[in-house]
Amino acid sequence: MPRQLSAKRRAGVVVERLAASYPGSAAELCALAHGDPFELLVATILSAQCTDARVNEVTPRLFAAYRGPAELAGADPAALEELIRSTGFFRAKAASLLGMSAALVERFACEVPQAIDDLVTLPGVGRKTANVVRSVAFGVPGLPVDTHVKRLSKRLGLTVHEDPEKIETDLCALVPKAEWGALSLRLILHGRAVCVARRPRCGECVLADVCPSASL
DNA sequence: ATCCCGAGGG
DNA sequence: CCCTCTGGAT
């Protein structure tokens, strides 16, 4: 396989091989534990600059203590902060969870909206989090760009940009809509297991022969 | 550009 | 010790 492929063809190879390495739907590939759209939204807000494993440690207690947006909106801020402390940024995240829950109660009849323009109006919800909820909980095409997707996209030569929104535009143009959500999750899984931030393990990477950054 | 912030790995 | 982890708001 030639290394000088067009970005379009290289993206095709990436989609194909990652699907073989990490089979399953977007919902099945998502590592954040959740029972419904609201819980996924909460877990995703907590996942900022934090491992999913740590998020999954706190969410069971969190969802047992506060069931649904109405209960979470009424949580004692100090108690909430203590529950989520280990995920980091705990004051800001607690404020986001309280504000997001209140907004669902007040503006969205206690339901998580599907429209991206609605989702991003919620406190603590940016484009990445909105895309996670859409693609995983609702099965709507969306391509979340997080730290892993950004790093792998640049290494694989699928984008030259730094801005996550521009990276999203580039990737969406290279890949069929139906693949967006699963591709994002697979890039995350691959970024965690093989194409790690510090010392990528190119020797055991199924994409090494088409990767402009591969060092063997 | 900067701040928010804890925890684990190397 | 430094880097990284499914970012968002100012």
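Below, read A as the first sequence line, B as the second, and so on, with proteins coming before strands; counting in each chain starts at 1. Computed from a prediction, not measured in an experiment: that's the story for all the values here.
- Counting to the nearest Å, the P atom of dG8(C) and the NZ atom of Lys150(A) are 13 Å from each other.
- Atoms CG (Leu122(A)) and C1' (dG7(C)) sit 15 Å apart, rounded to a whole Å.
- With hydrogens and angles disregarded, a donor-acceptor distance shorter than 3.5 Å links the side chain of Arg151(A) to the backbone of Cys195(A).
- Between dC4(B) and dT6(C), the distance separating the two P atoms is 22 Å to the nearest Å.
- Taking only side-chain nitrogens and oxygens, Thr129(A) comes nearer than 4.0 Å to OP1 or OP2 of dG8(C).
- Considering every non-hydrogen atom in both Ser153(A) and Leu171(A), the closest pair reads OG-CD1, 3.4 Å.
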### Task
Determine, stepwise, if the pair Glu168(A) / Val145(A) fulfils side chain to side chain contact (heavy atoms under 4.5 Å, CB included).
CA-CA 6 Å; Glu168(A) 181 186 335; Val145(A) 176; 3.8 Å; yes
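- A donor-acceptor contact shorter than 3.5 Å is absent between the side chain of Thr159(A) and the backbone of Ile167(A).
- Within 4.0 Å of Ala53(A), counting heavy atoms only, lies no atom of the nucleic acid at all.
- Following rounding to the nearest Å, Asn56(A) (CG) and dT6(C) (P) show an atom-to-atom distance of 10 Å.
- Geometrically, Arg186(A) does not engage Tyr22(A) in a cation-pi contact defined by less than 6.0 Å to the ring centre and at most 45° from the axis.
- The nearest whole Å value for the distance from the CE atom in Met100(A) to the C1' atom in dA9(C) is 16 Å.
- Residue Asp146(A) contributes atom CG, which lies 14 Å from atom P of dT4(C) at whole-angstrom precision.
- A distance of about 14 Å separates the P atoms of dT10(C) and dC5(B), rounded to the whole Å.
- For Gly124(A) against Thr129(A), the heavy-atom pair with the smallest separation is O-OG1, 4.5 Å.
- Rounding to whole angstrom units, CG of residue Leu40(A) and C1' of dT6(C) are separated by 11 Å.
- For DNA chain C, the neighbouring residues in residues 169-197 of chain A, judged by any heavy atom under 4.0 Å, are Leu185(A), Ile188(A), Arg192(A), Ala197(A).
- Within the 4.0 Å cut-off from OP1 or OP2 of dT6(C), not a single side-chain nitrogen or oxygen of Thr147(A) is found.
- No side-chain donor-acceptor contact under 3.5 Å links Glu28(A) to the backbone of Gly24(A).
- When each of Val120(A) and Leu32(A) is assigned the nucleotide of DNA chain C with its nearest heavy atom, Leu32(A) is the one assigned upstream, toward the 5' end.
- Here dC5(C) presents its P atom at 12 Å from NZ of Lys128(A), a figure rounded to the nearest Å.
- Across the protein-nucleic acid pair, Glu165(A) atom CD and dG8(C) atom C1' stand 13 Å apart, rounded to whole Å.
- Both Val125(A) and Ala31(A) sit near DNA chain C, but only Ala31(A) has its closest nucleotide nearer the 5' end.
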Filtered N/O pairs between nucleotides 3-7 of chain B and protein, under 3.5 Å:
{"residue": "dC5(B)", "atom": "OP1", "partner": "Arg91(A)", "partner atom": "N", "Å": "3.0"}
{"residue": "dC5(B)", "atom": "OP1", "partner": "Ala92(A)", "partner atom": "N", "Å": "3.0"}
{"residue": "dC5(B)", "atom": "OP2", "partner": "Arg91(A)", "partner atom": "NH1", "Å": "2.6"}
{"residue": "dC5(B)", "atom": "O4'", "partner": "Phe89(A)", "partner atom": "N", "Å": "3.1"}
{"residue": "dC5(B)", "atom": "O2", "partner": "Phe89(A)", "partner atom": "N", "Å": "3.3"}
{"residue": "dA7(B)", "atom": "O3'", "partner": "Arg54(A)", "partner atom": "NH2", "Å": "2.9"}

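- Remark: Arg151(A) is in phosphate contact with dC5(C), judged by side-chain N or O atoms under 4.0 Å from OP1 or OP2.
- Counting all heavy atoms, side chain and backbone alike, Leu5(A) lies closest to Arg10(A) at O-NH1, 2.9 Å.
- Within the 4.5 Å cutoff, side-chain heavy atoms of Val55(A) are placed close to those of Cys50(A).
- Here the closest non-hydrogen pair linking Leu122(A) and Met100(A) is CB-CG, 4.1 Å.
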